[in-house]
Amino acid sequence: MAQADEMSSSAADSVQCPVCFKDFTPTTINKHLDVCLLEGAADNTPSTMADNSEPPLKRPRVSAGAAPASPAVNKPGAGSFSLFHTSKLKPSQQSDRTGLFTSKQSAVNNKGLKRGAVDEADSEPAAGTEAVRSQTSVSVKATPAPSLLTLNKPLAEILRPNTLDQYFGQSQVVGEQTLIRSLLDSQEIPSLILWGPPGCGKTTLAHIIASTSKKNGTARFVTLSATSTSTSEVREVIKQAQNELRLCKRKTIMFIDEIHRFNKSQQDTFLPHVECGTVTLIGATTENPSFQVNAALLSRCRVLVLERLSVEAMGSILDRAVATLSIRVLGRDLSNPEDQDKTDGHEPKISIEQKALDTIAYLCDGDARTGLNSLQLAVQAQVSFNRSSPSSQSGSPQEIVVTEEHVKEGLQRSHILYDKAGEEHYNCISALHKSLRGSQENASLYWLGRMLEGGEDPLYVARRLVRFASEDVGMADPSALPQAVSTFQACHFIGMPECEVILAQCVVYLARAPKSVEIYKAYSNVKACLRNHKGPLPSVPLHLRNAPTRLMKTLGYAKGYKYNPAFSDPVEQEYLPEGLQGIDFFTWTPSDS
């Protein structure tokens with residue numbers, strides 16, 4: 001009896017391990033927990049799960065009104081260590097959760113989010129970043145043209161190149177023998193400012209650098225937009241870059257889109273970190289960095305000037321697009337016609353005329369984004385029209401042909417690159433002024449059309465013409481100034497587009513008018529004389545001063561002045577102050593002083 005009481009007392013004092021569910025005495029439980037937890041963390045499985053004879057139970061999906069049932073709740077000690085029980089699942093439960101996590105993350109990755117979670121959850125050890133990228137590229141290449149209607153992204157974003165081999169145009173910047181190309185190939189990427197018009201490949205070049213860096217694991221790439229990023233967010237990214245460099249010895253490449261949207265103080269945030277190499281800055285801008293980027297930051301970066309894409313480069317980009325989307329080009333010799341005729345029997349075959357592609361290449365004005373999206377719009381419109389037509393309701397797929405007229409209807413007019421507050425604004429008005437000065441009426445009309453068709457304010461052009469009438473025509477044709485002023489008033493009265501012919505008339509008049517800059521030069525000499533004068537300016541001669549009061553007359557004001565209308569002959573008297581008498585500003589130059 002005494003022995004039985006001792007055994008029951010020992011059982012009552014025993015403590016169950018929350019990991020392996022074995023009983024231990026209070027003096028040994030702590031030592032066992034240390035060993036058991038370490039073993040479970042080492043192999044990611046419960047240390048004594050194999051001893052459990054119960055079949056593994058799957059955790060049911062939690063509904064809105066039901067709580068999940070846990071098999072460990074009924075075990076002794078489960079109430080005291082519920083945290084361990086909920087986190088320590090059985091093998092089947094872990095595999096189910098891992099599979100669900102993998103499928104969810106794979107779906108998220110297909111939407112363009114982080115790829116790291118997919119790489120960690122991938123069941124095949126050889127499937128890394130390269131495998132994911134190759135699968136993505138294959139899926140894009142296998143996309144038939146009719147599926148463009150279901151895409152949530154523009155075609156320009158879907159077909160964005162990942163390598164420099166697919167990057168057409170800009171050979172003068174990233175060509176085979178250029179310095180930047182060799183630096184990118186060796187992953188020695190300097191801080192860059194990419195300056196160029198919209199759609200020339202600035203963001204694409206940055207993404208190619210990012211893709212190469214991720215592939216080689218040499219750098220971490222962060223993308224920000226100056227239109228939606230605050231200074232505090234930039235500081236947080238820089239702080240992460242410092243930790244990355246200190247702990248992982250890995251640099252951070254920071255891409256700032258539209259960097260000119262940052263003000264001067266915000267741009268100063270990058271200065272010390274670009275200087276010491278904590279971050280490699282790549283900024284993209286459509287504005288002249290000489291005016292929009294701090295001089296201190298500009299001196300720490302290399303400026304790459306990207307030009308508008310040529311018609312040939314746009315043709316190559318469009319050829320890659322139609323090949324990727326399996327669109328047949330009419331009138332082109334095909335190396336393998338069977339590939340162009342592949343269809344699943346339900347989707348219509350799509351063809352496009354070569355003239356249609358040429359029209360896009362010419363009308364997009366070197367903007368690849370506009371060209372690709374115009375192609376997508378033309379194809380989408382024809383596919384939608386085909387599906388809604390009665391002939392398609394019979395079930396037999398119809399062949400769709402995208403013609404030049406379809407492309408022109410989508411574009412409406414040429415995509416003219418012009419920014420009323422940017423670089424092109426000043427470039428075009430300078431070209432107009434110089435063409436007028438050179439009496440080139442055709443060139444003057446062309447630059448006027450570039451500005452007006454690009455959306456320029458006609459009153460701004462009219463004001464410049466008023467200035468030109470005095471600066472460059474001057475006394476050679478005094479009626480040019482009234483002509484320009486009348487043009488400004490007429491433009492103010494009726495506005496665009498009716499006033500465009502009035503501006504054109506004034507432009508042709510000024511281009512054909514004789515030119516004289518003597519007024520402009522004479523007044524420039526006066527300004528130079530005043531600015532270069534040493535000491536106090538000479539006083540106004542007393543005889544030229546007005547004398548409205550008796551005191552001023554007593555002081556000699558207006559004394560000796562000869563009233564010109566009172567004399568029949570020319571009056572001889574000095575009108576210039578002492579020291580400048582006899583000067584001729586029409587022939588005088590500042591070096592004569």
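FYI, side chains are in, hydrogens and waters are out, and symmetry mates aren't considered; it's all heavy atoms of this structure. In this text, all values refer to a predicted model and were calculated from it rather than measured experimentally.
Evaluation of the side-chain hydrogen bond (donor to acceptor under 3.5 Å, both in side chains) rule for Ser470 yields no partner, not counting sequence neighbours. Considering only residues two or more places apart in sequence or on other chains, Ala431 meets the side-chain contact (heavy atoms from CB on, under 4.5 Å) condition with Trp447. For Phe221, there are no ring-ring contact (aromatic ring centres under 6.0 Å, His included) partners two or more places apart in sequence or in a different chain. Under the side-chain contact (heavy atoms from CB on, under 4.5 Å) criterion, Thr269 pairs with Thr231, Val234, Arg235, Ile238, sequence neighbours left out.
Residues Arg369 and Asp367 share a closest heavy-atom pair of N-OD1, 3.0 Å. Minimum heavy-atom separation, Ser539 to Pro577: O-CB, 3.6 Å. Considering every non-hydrogen atom in both Gln382 and Val402, the closest pair reads CG-CG2, 4.2 Å. Here the closest heavy-atom approach between residue Pro289 and residue Ile193 is recorded as CB-CG2, 4.2 Å. Considering all non-hydrogen atoms of both residues, Pro458 and Cys499 come closest at CB-SG, 3.7 Å. In terms of heavy-atom proximity, Ala484 sits nearest to Leu465 at CB-O, 3.7 Å.
Panel note: side chain Asp472, backbone Arg437; no donor-acceptor pair is recorded below 3.5 Å. Glu456 places no side-chain N or O within 3.5 Å of a backbone atom of His425 that could act as its donor or acceptor partner. Side-chain N or O atoms of Glu157 include none that pairs as donor or acceptor with a backbone N or O of Pro154 at under 3.5 Å. Side chain of Gln166 to backbone of Asn162: a donor-acceptor contact under 3.5 angstrom is found. A side-chain donor-acceptor contact under 3.5 Å links Tyr167 to the backbone of Gly201. Side-chain atoms of Gln267 come within 3.5 Å of backbone atoms of Gln292 as a donor-acceptor pair (strictly under, hydrogens ignored). For the pair Asn263 (side chain) and Gln266 (backbone), a donor-acceptor distance under 3.5 Å is present. Side-chain N or O atoms of Ser316 include one that pairs as donor or acceptor with a backbone N or O of Glu312 at under 3.5 Å. The backbone N or O of Ser290 sits less than 3.5 Å from a side-chain atom of Asn288, completing a donor-acceptor pair. The backbone N or O of Thr370 sits less than 3.5 Å from a side-chain atom of Ser374, completing a donor-acceptor pair.
Under the 3.5 Å distance criterion, with hydrogens and angles disregarded, no donor-acceptor pair is assigned to the side chains of Glu353 and Thr403. Inspection of the Tyr446 and Arg450 side chains reveals an N or O donor paired with an N or O acceptor under 3.5 Å. In the model, Ser430 has a side-chain atom that pairs as donor or acceptor with a side-chain atom of Lys434 under 3.5 Å. A side-chain N or O of Arg220 and one of Thr252 form a donor-acceptor pair less than 3.5 Å apart. Side-chain contact check for Asp165 and Thr163: no donor-acceptor pair (N or O, by modelled atom type) lies under 3.5 Å.
Pairs passing the side-chain hydrogen bond (donor to acceptor under 3.5 Å, both in side chains) check and including a residue from residues 515-525, sequence neighbours excluded, read Ser439-Lys515. Under the ring-ring contact (aromatic ring centres under 6.0 Å, His included) criterion, the residue pairs touching residues 467-494 are His433-Phe468, with sequence neighbours excluded.
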message = Between Met552 and Leu555, is the side-chain contact (heavy atoms from CB on, under 4.5 Å) condition met? List the steps.
response = CA-CA 5 Å; Met552 298 174 73; Leu555 294 175; 5.5 Å; no
task = Could you walk me through whether Tyr362 and Met314 pass the side-chain contact (heavy atoms from CB on, under 4.5 Å) test, one step at a time?
result = CA-CA 8 Å; Tyr362 279 102; Met314 278 303 309; over 6 Å; no
query = Do Glu404 and Thr359 pass the side chain to side chain donor-acceptor pair (under 3.5 Å) test, and can you show the C-alpha distance, the side-chain angles, and the key distance before you say yes or no?
reply = CA-CA 7 Å; Glu404 183 182 11; Thr359 300; 3.0 Å; yes
query = So Leu375 and Val322, side-chain contact (heavy atoms from CB on, under 4.5 Å) or not? Walk me through it.
reply = CA-CA 9 Å; Leu375 173 64; Val322 296; 4.1 Å; yes
key: Candidate pair Leu510 and Gln483, rule side-chain contact (heavy atoms from CB on, under 4.5 Å), full reasoning   = CA-CA 9 Å; Leu510 295 177; Gln483 175 82 10; 5.8 Å; no
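Salt bridge Glu244/Lys249: absent, no basic N to carboxylate O contact under 4.0 Å. Residues Asp365 and Arg308 are paired through a salt bridge, judged by an N-O separation under 4.0 Å between the basic side chain and the carboxylate.
Using a 4.5 Å heavy-atom threshold, the side chains of Arg545 and Tyr561 count as separate. A 4.5 Å side-chain heavy-atom check between Phe255 and Val222 finds every atom pair outside the cut-off. Looking only at side-chain heavy atoms (C-beta outward), His260 and Val293 stay at 4.5 Å or farther from each other. With contacts defined as side-chain heavy-atom distances shorter than 4.5 Å, the pair Val279/Gln242 does not qualify. A heavy-atom distance below 4.5 Å is found between the side chains of Lys202 and Leu306. Within the 4.5 Å cutoff, no side-chain heavy atoms of Leu224 are placed close to those of Glu233. Residues Ile282 and Cys301 fail the side-chain proximity criterion, which asks for heavy atoms closer than 4.5 Å. For the pair Asp257 and Thr223, the minimum side-chain heavy-atom distance is 4.5 Å or more.
The structure places CD of Gln172 at 12.0 Å from CD1 of Ile180, a figure rounded to the nearest 0.5 Å. Once rounded to the nearest 0.5 Å, the distance linking OG of Ser225 with CZ of Arg261 reads 8.0 Å. Distance check: Leu155 CG to Leu372 CG gives 5.0 Å after rounding to the nearest 0.5 Å. A distance of 6.5 Å separates CD1 in Ile253 from CD1 in Ile209, rounded to the nearest 0.5 Å. Atoms CG and CG, from Leu445 and Leu448 in turn, are 6.5 Å apart once rounded to the nearest 0.5 Å. A distance of 8.5 Å separates CG in Leu183 from OG1 in Thr178, rounded to the nearest 0.5 Å.
The neighbour count for Lys355 NZ, taken as heavy atoms of other residues, nucleotides or ligands under 6.0 Å away, does not exceed 12. Around CD of Glu572, the count of heavy atoms belonging to other residues, nucleotides or ligands within 6.0 Å does not exceed 12. Under a cut-off of 6.0 angstrom, the local environment of CZ in Arg250 is crowded, with over 12 non-hydrogen atoms contributed by other residues, nucleotides or ligands. Enclosure of atom CZ in Arg550 is not indicated, since only 12 or fewer non-hydrogen atoms of other residues, nucleotides or ligands lie within 6.0 angstrom. Around OH of Tyr563, the count of heavy atoms belonging to other residues, nucleotides or ligands within 6.0 Å does not exceed 12.
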